[in-house]
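This report concerns only the one structure given below.
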Amino acid sequence: MSARATTGYITVLFALLYVVPLTMRPIVSPDESRYGAIALEMLHSKDWWSLKLVGLSYYEKPPMGYWLTAVSMSVFGENAWGLRFAPALAALVTALATGAIAKRICALPHIGLIATSVQLTLLFPWVFGNVAILDGMFCAFITVCVAFFVYGATDPERRWRMFFFTLSGVAAAGAFLTKGFL
């Protein structure tokens with residue numbers, strides 16, 4: 001299968017399973033409304049460092065998930081689409097990183113496409129990609145961290161090892177900034 005066909009297949013699968021359902025249900029309380037409210041306060045106050053919920057300091061979680069949600073809401077609007085797009089994109093990143101890992105460690109033809117497709121169609125990744133909670137974003141950072149580590153550990157020429165290991169560390173930092181010590 002060509003790269004263009006693979007890209008088209010993944011794009012259609014992602015659009016049907018993740019993008020279309022973003023606005024098909026109301027925002028769920030308490031989690032989605034709380035994460036959305038914190039991101040909105042960041043946008044309105046232009047203070048990206050102080051996490052506030054209804055004007056009160058709220059430091060239960062680190063800021064990365066709120067930052068990503070706020071950026072999504074600034075691009076797509078203050079609605080369910082903007083609130084849920086960051087987790088949906090995180091689900092796609094998780095699936096692509098899963099496919100990259102499978103392609104790197106397995107010699108089977110089309111294994112990257114198969115792994116990506118399976119990841120996109122599993123129930124829990126689908127839920128995490130359609131609900132505005134931090135778990136999907138955390139999973140994306142962890143999966144990218146593992147993917148870069150695998151690439152660094154299996155690099156045949158060793159030229160890129162430190163580069164991949166550094167990117168793995170950056171992704172691990174993103175995971176820490178999303179959910180804290182897990």
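Quick note: numbers below take in every heavy atom, side chains included, and nothing from hydrogens, waters or symmetry partners. Treat the numbers as computed from the prediction; the structure is a model and nothing was measured.
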Check your understanding: Considering only heavy atoms from C-beta outward, does the side chain of D155 approach that of R104 to under 4.5 Å?
Key -> yes

Review point. How far apart are the closest heavy atoms of T154 and V150, and which atoms are they?
Key: OG1-O, 2.7 Å

Study note, to complete from the structure: In this structure, CE of M73 is separated from CG of L40 (nearest 0.5 Å) by 3.5 Å

Exercise for review: Mind listing the closest non-hydrogen atom pair of A91 and P125 along with its distance?
Suggested key: CB-O, 4.2 Å

Review point. Taking the side chain as C-beta and beyond, is there a heavy-atom pair between W67 and P62 under 4.5 Å?
Key: no

Review point. Just how far is it from atom CG of L96 to atom CD1 of I10, taken to the nearest 0.5 Å?
Key: 7.0 Å

Practice item. Taking the side chain as every heavy atom from C-beta outward, state whether R84 and I27 have any pair of such atoms under 4.5 Å apart. Key: yes

Practice item. Rounded to the nearest 0.5 Å, what's the gap from NZ on K46 to CH2 on W48? Could you check? Key: 9.5 Å

Point to revise | Which residues share a salt bridge (Lys or Arg N to Asp or Glu O under 4.0 Å) with R161, sequence neighbours left out | key: none

Review point. Taking the side chain as C-beta and beyond, is there a heavy-atom pair between K61 and Y66 under 4.5 Å?
Key: yes

Check your understanding: Can you hop from Y9 to F14 via hydrophobic side chains spaced under 4.5 Å?
Key -> yes

Review point. Is the backbone of L68 close enough, under 3.5 Å, to the side chain of S72 for a donor and an acceptor to pair up by distance?
Key: no

**Study point:** Over 12 foreign heavy atoms within 6.0 Å of OH, Y59
**Key:** yes

Point to revise | Common cluster, W81/V28, ILVMFWY with side-chain heavy-atom separation under 4.5 Å | key: no

Point to revise | Donor-acceptor contact below 3.5 Å, side chain S57 vs main chain K52 | key: no

Check your understanding: What's the shortest heavy-atom distance between A115 and G99, and which atoms?
Key -> CB-CA, 4.0 Å

Review point. Would you say W49 and Y58 are hydrophobically clustered, going by side-chain heavy atoms of ILVMFWY under 4.5 Å?
Key: yes

Practice item. Mark yes or no for whether E41, through its side chain, and V54, through its backbone, hold a donor-acceptor pair below 3.5 Å. Key: yes

Study note, to complete from the structure: In terms of heavy-atom contacts, A90 and A140 come closest through O-CB, 3.4 Å

**Study point:** Expected output: side-chain T116 to main-chain L113 donor-acceptor under 3.5 Å
**Key:** no

Check your understanding: Do the two ring centres, one from F176 and one from F181, sit under 6.0 Å apart?
Key -> yes

**Study point:** Heavy-atom side-chain contact between Y35 and T69 under 4.5 Å
**Key:** no

Review point. Does some side-chain heavy atom of T121 sit less than 4.5 Å from a side-chain heavy atom of L13?
Key: yes

Review point. Would you say the ring centroid of F165 lies under 6.0 angstrom from that of F149?
Key: yes

Check your understanding: Got a second to check how far L122's CG is from L17's CG, nearest 0.5 Å?
Key -> 11.0 Å

**Study point:** Side-chain heavy-atom pair V146, I101 within 4.5 angstrom cut-off
**Key:** yes

Revision key, fill the gap. dist E32:CD -> N130:CG (nearest 0.5 Å) comes out at 9.5 Å

Review point. Shortest non-hydrogen contact from A88 to L22?
Key: CB-CD2, 4.1 Å

Exercise for review: Kindly give the heavy-atom pair with the smallest separation between P21 and A15, and that separation in Å.
Suggested key: CD-O, 4.5 Å

Check your understanding: So how far is it from T166 OG1 to F148 CZ, rounded to the nearest 0.5 Å?
Key -> 10.5 Å

Review point. Do V127 and V20 belong to the same hydrophobic cluster, where Ile, Leu, Val, Met, Phe, Trp and Tyr are linked whenever their side-chain heavy atoms lie under 4.5 Å apart, directly or via other members?
Key: no

Practice item. Check whether L177 and V93 end up in the same hydrophobic cluster, where Ile, Leu, Val, Met, Phe, Trp and Tyr are linked by side-chain heavy atoms less than 4.5 Å apart. Key: no

Point to revise | Sidechain-backbone polar pair: Y18 side chain, L120 backbone, donor-acceptor under 3.5 Å | key: yes

Practice item. Check whether any side-chain N or O of S168 sits under 3.5 Å from a backbone N or O of F164 as a donor-acceptor pair, and report yes or no. Key: no

